[in-house]
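Index from 1, following the sequence. Scope of the values below: all heavy atoms of this structure, side chains included, with no hydrogens, waters or symmetry mates.
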Amino acid sequence: MRPARPCGRSNRPYCWRLVGGGTGQRRAARGPLKESIDGCLGVDLHIYSEMFCHLRPVRRLCLGKIFPYWFLYSRALSGAEAVNALRPFYFAVHPDFFGQHPREREVNENSLKRLSAYLENLQKPGFKSLKPTQLMFYVRERDQNSSDGQEHFSTSGFRAVRFTLHTRDLLSTVLYILNSCSLSTEHVQNLNNNVHSQPLKEAKGMSDRPIKWDKSYYSFTGFKDPDEDLEQVWRTETTLTSWLDNNGESAVKKLKNSLPLRKELDRLKDELSRQLQLSDIRWQRSWGIAHRCSQLHSLGRLAQQNLETLKNAKGCTVIFTDRSGVSAVGHVMLGTMDVHHHWTKLFERLPSYSDLQRRLMLLEDQISCLLGGIQVVYIEELQPVLTLEEYYSLLDVFYNRLLKSRVPFHPRSLHGLQMILNSDRYAPILHELGHFNIPILCDPANLQWFILTRAQQAREKMKRKEELKVIENELMQASTKKFSLEKFYKEPSVSSIQMVDCCKRLLEQSLPYLQGMHLCVSHFYSVMQDGDLCIPWNWKNGETIK
């Protein structure tokens, strides 16, 4: 038998194959064992299997000691299985459950987009390594009183969870996410029919003895050392200037490419607003310019076919959103997944909504009289999207409870204050913006005490809100002028206090990259598909060592 020599098919050092010997030996070295190991955590273990192919009994013994038992007998998760395994996580962080908390909802929406991109890249053939990705989620608290062994989530609270993804396959990514959020991982083993009965609790992220290559390996091959990337992420926070240096050119290019579409969007919007005599056309979500143009083209084709019917929306605001109907404040909502037939039926029914709107306004006035003149309002940015029928039903339930209790309020004693109604809380709160957040099922007697004892505090908060709004507008105008911004705006989840702080610090900087750009203040750094720059309101300027 001739001596072993380096394997020409591998670009890794110390990877040898046996020259000579039977084909059975080589087949054994490349057989099911290698496939099962490779499939689990994406680690190329033919290095070990082929090194010991001439010692077959010893090879099994060595690998059994090096890797946990479940590791050797598991396979890779498919994309569909990964989604199924992450269902408890999605249920705990889904933005739809944060309707009363717009900031947390916005954070979870952005983080889910980044997580989706990370999982998609993991499934691309031939990927080598991914840049460590920092994520933050607001996770709904679990119900500690559940006795059936399943995950139950309450609406009473949530907690912030931060973690950095640096995994290299779907299985370890799924386990790492679930463990980071303190969610059960027992169900993951049911997705793999070949896994040993030993629970996957042993697999909390990585194996007991993970493979760690010597630094010379990365120097020799030119591959990236994932530990160095991860350490860099941990030690250094992204700064505004460094992020603009790295992403400014890309944003300029995307913005330049989107300019023709932006002009087309403005033209279509003005044309339809004039043709249908609309007050405004808006979008509930941050769809791209091309997507918005497509929606306006669709509405334009419907206008050509049924112009008289669509004129029923005269004076209204049209909003493209997830479902069709009339919103709580009277806006015409067009569901982007609905066909023209559904839109046409909605426009035909618009005149019939006038009577319901009048009754709704009367109901708000009656509630206001019972509560000492406090104004009942619906704030789109802070409340879930409700149809006119849903909001009327909410008001009606609350009004009937007030009538039965007959809690006395001095007439007009609460004039000038505001309140909003919701259905997912059991205790009233005073919002930082000065309005009362009142659940429809709260006890009327407790409600009276709560409002009366906090009325003065609410007036002070409302006054402060108005002052901050004036300061915010002045600072935004100053920032737009200083940096020659084409557009400067913020996401609804960013408060006036946060925006004021952001603008004050921006005005102290010299940022030439911002000239002519569209700048959005958000909670994360990102470059939108049409070239808008998004920066967090609490951006850093300088390295921060942990």
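The side-chain contact (heavy atoms from CB on, under 4.5 Å) test applied to Gln529 returns no partner, not counting sequence neighbours. Annotation: ring-ring contact (aromatic ring centres under 6.0 Å, His included) contacts of Tyr489 (sequence neighbours excluded): none. By the side-chain contact (heavy atoms from CB on, under 4.5 Å) test, Arg162 is found to be paired with Met136, residues two or more places apart in sequence or in another chain being considered. Tyr513 pairs by the ring-ring contact (aromatic ring centres under 6.0 Å, His included) definition with nothing, not counting sequence neighbours. Looking at residues two or more places apart in sequence or on another chain, you find no ring-ring contact (aromatic ring centres under 6.0 Å, His included) involving His331. Asp322 meets the side-chain contact (heavy atoms from CB on, under 4.5 Å) test with Gln284, Arg285, Trp287; sequence neighbours excluded.
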- Verdict with reasoning, Cys293 to Ile289, per side-chain contact (heavy atoms from CB on, under 4.5 Å): CA-CA 6 Å; Cys293 285; Ile289 303 298; 4.3 Å; yes
- side-chain hydrogen bond (donor to acceptor under 3.5 Å, both in side chains) between Arg105 and Asn108, worked out: CA-CA 5 Å; Arg105 178 182 61 200; Asn108 283 7; over 6 Å; no
- Steps toward side-chain contact (heavy atoms from CB on, under 4.5 Å) verdict (Leu178, Ser184): CA-CA 7 Å; Leu178 293 174; Ser184 173; over 6 Å; no
- Query: Between Asp355 and Arg359, does a salt bridge (charged side-chain N to carboxylate O under 4.0 Å, His left out) hold up when you go through it step by step?
  - Reply: CA-CA 6 Å; Asp355 179 59; Arg359 288 191 288 143; 3.4 Å; yes
- Task: Output, in order, the C-alpha distance, side-chain angles, deciding distance and verdict of side-chain contact (heavy atoms from CB on, under 4.5 Å) for Cys502 and Trp539.
- Result: CA-CA 8 Å; Cys502 175; Trp539 53 269; 3.5 Å; yes
- What do the steps show when you test Thr344 against Gln305 for side-chain contact (heavy atoms from CB on, under 4.5 Å), and what is the final call? CA-CA 10 Å; Thr344 303; Gln305 302 166 5; over 6 Å; no
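Partner Asp532 forms a salt bridge (charged side-chain N to carboxylate O under 4.0 Å, His left out) with one of Lys254, Lys490, Arg262 and no other, that one being Arg262. Under the side chain to side chain contact (heavy atoms under 4.5 Å, CB included) rule, Phe89 has a single partner from Val139, Val174, Leu115, which is Leu115.
Salt-bridge annotation for Lys469 and Glu472: present, with a side-chain N of the basic residue lying under 4.0 Å from a carboxylate O of the acidic one. We find that Arg282 and Glu380 are joined by a salt bridge, their nearest charged nitrogen and carboxylate oxygen being less than 4.0 Å apart.
Remark: the backbone N or O of Arg349 is paired with a side-chain donor or acceptor of Ser352 at under 3.5 angstrom. Distance alone, capped at 3.5 Å, places no donor-acceptor pair between the Asp501 side chain and the Gln498 backbone. His523 places no side-chain N or O within donor-acceptor distance of the main-chain N or O of Glu104, the cut-off being under 3.5 Å. Between the side chain of Ser294 and the backbone N or O of Ala290 there is no donor-acceptor pair closer than 3.5 Å. Put simply, the side chain of Arg505 gets close to the backbone of Trp537: a donor and an acceptor are under 3.5 Å apart. In this structure a side-chain-to-backbone donor-acceptor pair under 3.5 Å is missing from Asp280 to Thr317.
Ring planes of Trp283 and Phe320: parallel class, angle under 30° (limits at 30 and 60°). A parallel orientation is assigned to the rings of Phe163 and Phe137, their planes being inclined by less than 30° (bins at 30° and 60°).
Proximity of Asp396 to Ser393: side-chain heavy atoms (C-beta onward) are nowhere separated by under 4.5 Å. Inter-residue side-chain proximity for Leu533 and Val527 is flagged as met; some heavy-atom pair is nearer than 4.5 Å. Residues Met462 and Leu417 are in side-chain contact: their nearest non-hydrogen atoms beyond the backbone lie under 4.5 Å apart. At a threshold of 4.5 Å between non-hydrogen side-chain atoms, the residues Leu276 and Val318 do not count as touching. For the pair Pro95 and Leu112, the minimum side-chain heavy-atom distance is below 4.5 Å. Within the 4.5 Å cutoff, side-chain heavy atoms of Leu514 are placed close to those of Leu244. The closest side-chain heavy-atom distance from Leu310 to Trp343 is not below 4.5 Å. The side-chain heavy atoms of His297 and Glu264, taken from C-beta on, include a pair separated by under 4.5 Å.
With rounding to the nearest 0.5 Å, the separation of CG in Leu433 from OG in Ser495 is 7.5 Å. Atom-to-atom distance recorded for Ile438:CD1 and Ile374:CD1 is 6.5 Å, nearest 0.5 angstrom. Here CZ of Arg140 is found 10.5 Å from NE2 of His94. Values are rounded to the nearest 0.5 Å. With rounding to the nearest 0.5 Å, the separation of OH in Tyr399 from CG in Leu362 is 8.0 Å. Distance check, rounded to the nearest 0.5 Å: OG of Ser273 to CG of Asp270 gives 6.5 Å. In this structure, CZ on Phe347 lies 9.0 Å from SG on Cys316, to the nearest 0.5 angstrom.
Crowding of Arg267 atom CZ: a count of heavy atoms from other residues, nucleotides or ligands under 6.0 Å exceeding 12. For Lys482, the NZ atom counts as densely surrounded, since its 6.0 Å shell holds more than 12 non-hydrogen atoms of other residues, nucleotides or ligands. Other residues, nucleotides and ligands contribute at most 12 non-hydrogen atoms within 6.0 Å of the CD atom of Gln515. Dense packing is recorded around CD of Gln509, with more than 12 heavy atoms of other residues, nucleotides or ligands lying under 6.0 Å away.
Taking both residues in full, the closest heavy atoms of Tyr378 and Val329 are given as CD2-CG1, 3.5 Å, listed atom of the first, atom of the second, then distance. Nearest heavy atom pair, residue Glu390 against residue Arg323, reads OE1-NH2, 2.9 Å. Counting all heavy atoms, side chain and backbone alike, Arg159 lies closest to Ser182 at NH2-CB, 4.0 Å. Of all heavy-atom pairs spanning Ser327 and Leu388, the tightest one is O-CD1, 3.5 Å. Counting all heavy atoms, side chain and backbone alike, Leu421 lies closest to Leu394 at O-CD2, 4.0 Å. Considering all non-hydrogen atoms of both residues, Gly335 and Ser324 come closest at N-OG, 2.9 Å.
Aromatic pair Phe488/Phe483: centroids not less than 6.0 angstrom apart.
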